[in-house]
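Here the structure is laid out as structure tokens; the discussion comes afterwards.
For the single chain, residues carry numbers from 1 onward in sequence order.
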Amino acid sequence: MNTDSLKYGVFSFIIPGLGQYLNDDRQWALGLFAGAILLHIFIWFFMNNIFGSGLQTLYHLYAGFDAYKKY
């Protein structure tokens with residue numbers, strides 16, 4: 001296991017796209033970050049409950065896993 005992979009995965013879990021950005025996948029990082037912002041805004045206004053929190057968590061897990069598996 002590469003320690004950079006784990007580090008990028010954790011960074012992307014905290015801030016979606018950060019792990020991809022640090023590994024020079026700038027377009028995908030911007031897409032993940034923009035998606036996270038839009039998702040958080042949507043959930044804040046329309047789905048501010050346990051299901052919205054779960055959806056946000058799943059998105060963050062996906063971003064972290066994506067950074068981990070790619071690098």
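Remark: Leu58 CG to Phe65 CZ distance equals 13.5 Å, nearest 0.5 Å. Separating the NE2 atom in His40 from the NE2 atom in His60 is a distance of 3.0 Å, to the nearest 0.5 Å.
By the side-chain hydrogen bond (donor to acceptor under 3.5 Å, both in side chains) test, Asp66 is found to be paired with Gln20, Trp28, residues two or more places apart in sequence or in another chain being considered. Trp44 meets the side-chain hydrogen bond (donor to acceptor under 3.5 Å, both in side chains) test with no other residue; sequence neighbours excluded. Under the side-chain hydrogen bond (donor to acceptor under 3.5 Å, both in side chains) criterion, Asn49 pairs with no residue at all, not counting sequence neighbours. Judged as a side-chain contact (heavy atoms from CB on, under 4.5 Å), and not counting sequence neighbours, the contacts of Tyr59 are Pro16, Leu32, Ala36, Leu39. The ring pair (Phe, Tyr, Trp, His ring centres under 6.0 Å) test applied to Tyr62 returns no partner, not counting sequence neighbours. Partners of Phe46 according to the ring pair (Phe, Tyr, Trp, His ring centres under 6.0 Å) rule, which considers only residues two or more places apart in sequence or in another chain, are Phe42. With sequence neighbours excluded, the residues forming a side-chain contact (heavy atoms from CB on, under 4.5 Å) with Ile14 are Val10, listed by chain and number. Residues forming a side-chain contact (heavy atoms from CB on, under 4.5 Å) with Ile41 (at least two apart in sequence, or on another chain): Ile37, Phe45.
Applying the side chain to side chain contact (heavy atoms under 4.5 Å, CB included) test between Leu18 and each of Phe11, Phe33, Phe13 identifies Phe11 as the sole match.
Heavy-atom neighbours of Ile50 CD1 from other residues, nucleotides or ligands within 6.0 Å: at or below the threshold of 12.
Residue pairs meeting the salt bridge (charged side-chain N to carboxylate O under 4.0 Å, His left out) criterion with at least one member in residues 40-57: none, sequence neighbours excluded. Applying the salt bridge (charged side-chain N to carboxylate O under 4.0 Å, His left out) test to every pair with at least one member in residues 5-18, sequence neighbours left out, gives these pairs: Asp4-Lys7.
Of the possible donor and acceptor atoms, none in the side chain of Ser12 sits under 3.5 Å from a partner among the backbone N and O of Gly64.
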